[in-house]
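Keep in mind that this is a model prediction, so the values were computed, not measured. Protein chains get the first letters and strands the later ones, always in sequence-line order, with residue 1 at the start of each.
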There are 2 protein chains.
Amino acid sequence: MVSEQIVERPLVSITNVIFSFDTVTKQLLVLLLQRSQAPFMGAWGLPTTTLRSNESADAAALRLVKEKLGVHLTSNQTEQLGTFTNVGRVPGQRTLALTYMVYLPVKPALIPGAGARAVRWFAVTPRTDRDDLVAGDLSFTGLTDDVSAADFYQRERGTTQLAADHALIVKTALQRVRNRLNYAPTILRVLGVSFTLKRARELYALLERRSVSQIDNSNFRKTHGHLFEQVGFVRGNGSGRPARVYRLKD
Amino acid sequence: MVSEQIVERPLVSITNVIFSFDTVTKQLLVLLLQRSQAPFMGAWGLPTTTLRSNESADAAALRLVKEKLGVHLTSNQTEQLGTFTNVGRVPGQRTLALTYMVYLPVKPALIPGAGARAVRWFAVTPRTDRDDLVAGDLSFTGLTDDVSAADFYQRERGTTQLAADHALIVKTALQRVRNRLNYAPTILRVLGVSFTLKRARELYALLERRSVSQIDNSNFRKTHGHLFEQVGFVRGNGSGRPARVYRLKD
DNA sequence: ACCTTAAAGGTATAAAATACCTAAAACAAA
DNA sequence: TTTGTTTTAGGTATTTTATACCTTTAAGGT
């Protein structure tokens with residue numbers, strides 16, 4: 001456990017892929033901020049902090065959300081994604097990234113804090129062969145689907161790309177989210193603690209790169225119904241019968 | 001990325017769950033060693049080393065295998081499992097564990113190295129509600145299936161248990177291995193670069209807690225055949241038609 | 001020649017997923 | 001009260017996939 005040989009200890013950072021949902025435009029969002037410090041000054045990247053001696057990585061991920069967005073979350077709204085340790089991933093000090101996925105049940109107002117020139121929600125925009133992150137005039141190609149992690153670090157990366165290996169981290173996150181859709185769709189937490197099946201189908205459609213109409217209401221209940229449980233009714237949200245409200249089981 | 005605030009940096013360790021297979025007894029094995037140093041002196045635990053400044057965590061996991069077993073592996077025989085960061089997981093210095101799963105295609109002879117009083121292969125022994133690790137007179141209860149990670153650190157742990165949170169790590173590894181059986185059964189690498197479908201079914205039976213006869217040969221080909229590709233024939237290994245040899249696709 | 005074991009194919013049934021449909025419920029607005 | 005809208009909640013028919021079970025052949029051993 002504790003090998004007493006002297007090694008220079010790396011800096012341990014926590015990096016979050018924070019997901020939210022825009023109920024108006026029906027877009028899945030990821031939070032990026034524009035760095036105002038070296039390294040990667042001016043570049044857009046994922047929110048990051050440094051692990052403190054008295055907190056677990058999970059706690060640090062929650063603290064990071066609190067600091068950047070003022071939102072207090074509990075641990076079932078985060079999931080460990082992976083640890084990125086490539087030696088050259090950040091210039092200067094050796095830095096490890098312990099990464100987490102965070103599902104925000106609200107879409108809070110954004111105020112650039114310390115270390116950030118700007119902060120924005122980027123819409124996850126699935127293309128046929130990749131995902132893009134789009135916010136108005138700004139756009140990042142998450143990563144082409146078929147590029148392996150090993151290849152990623154070999155590539156030249158331009159100034160119009162995300163800081164460090166954050167494109168790889170986002171790609172990994174989306175992969176994980178898609179894998180889980182059929183047995184543990186925790187991404188649905190971005191819809192709030194409870195949600196209608198309509199909304200759930202919209203999110204599935206987006207991530208599975210198909211249109212909402214391609215996901216049959218009746219069949220969706222049959223195949224995914226066991227993942228949800230009912231909590232009550234919604235207030236009439238317009239015309240038509242109000243949709244029933246569900247939450248994730250377990 | 002680099003927050004310049006002064007924090008005490010944790011020790012970053014690499015911990016491996018090394019799997020192998022005994023072709024005679026048809027047992028899935030995990031390597032444990034008995035520690036000869038504090039902390040947890042005398043306790044059995046997973047092989048661990050400290051991350052060096054000039055290597056990635058993946059490289060360190062491979063180095064650890066080389067140091068403990070003298071076997072040189074390449075990166076497609078390891079997979080990141082997760083990072084364990086609970087503040088109290090190790091007494092003394094704050095220590096993070098970056099954990100990997102390693103699939104050994106051979107079962108090398110064991111020599112206790114530095115820091116170890118003994119080293120042994122433990123058979124993964126599935127029970128109805130848990131898995132045990134068994135080596136002759138020694139036995140450890142991996143962990144009861146229904147104990148969550150959060151609960152794990154709350155519990156009192158006796159001296160007859162694995163060091164630190166290694167029981168939790170092993171449990172997590174077995175969970176992962178089982179999840180992947182139907183789409184990416186990398187655990188089959190313990191059978192070597194190539195293997196017969198008979199052997200594959202034996203390993204599936206073990207992990208799915210059923211008998212080999214319950215897994216129909218013909219059906220197994222139909223449902224899992226797409227995961228394998230043929231490489232040739234084996235030499236006659238006894239009586240009967242020699243089994244064809246396959247390897248994992250992709 | 002005979003035994004053994006895996007390969008390689010088959011069929012019949014069961015279970016799951018999908019396409020498509022109907023009727024009722026619950027509201028808003030005319 | 002009637003009409004329109006949208007979801008609920010159920011249905012059936014078809015297709016696909018998984019499972020149980022069986023037969024024949026291949027390729028070795030003795």
Nucleotides 11-16 of chain C: which of its N/O atoms have a protein N/O under 3.5 Å away?
residue	atom	partner	partner atom	Å
dT11(C)	O4	K222(B)	NZ	3.1

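Take A118(B) and apply the side chain to side chain contact (heavy atoms under 4.5 Å, CB included) test, not counting sequence neighbours, and it matches Q34(B), W44(B). Listed by chain and residue number, T48(A) satisfy the side-chain hydrogen bond (donor to acceptor under 3.5 Å, both in side chains) test with T15(A) (two or more places apart in sequence, or in another chain).
Among residue pairs with one or both ends in residues 188-213 of chain B, those qualifying as ring pair (Phe, Tyr, Trp, His ring centres under 6.0 Å) are F195(B)-F228(B), Y204(B)-F220(B), Y204(B)-H224(B); sequence neighbours excluded. Within the structure, every pair that satisfies the salt bridge (charged side-chain N to carboxylate O under 4.0 Å, His left out) test and touches residues 19-28 of chain A, not counting sequence neighbours, is listed here: D22(A)-K107(A), K26(A)-E202(A).
Side chain of T125(B) to main chain of A123(B): a donor-acceptor pair is present (N/O by atom type, distance under 3.5 Å, no hydrogens or angles).
In this structure, the CZ atom of R241(A) is 11 Å from the P atom of dT7(D), given to the nearest Å.
The side chain of R221(A) contributes an N or O atom lying less than 4.0 Å from OP1 or OP2 of dT8(D).
Mapping T223(A) and N217(B) onto DNA chain C by nearest heavy atom places N217(B) closer to the 5' end of the strand.
Under the 3.5 Å distance criterion, with hydrogens and angles disregarded, a donor-acceptor pair is assigned to the side chains of E79(A) and T186(A). There is no side-chain donor-acceptor pair under 3.5 Å between T85(B) and T83(B). Between the side chains of Y100(A) and Q80(A), a donor-acceptor pair is found at a separation under 3.5 Å.
No contact: F220(B) has no heavy atom under 4.0 Å from any strand.
Remark: K198(A) in residues 179-216 of chain A come within less than 4.0 Å of DNA chain D through at least one heavy atom.
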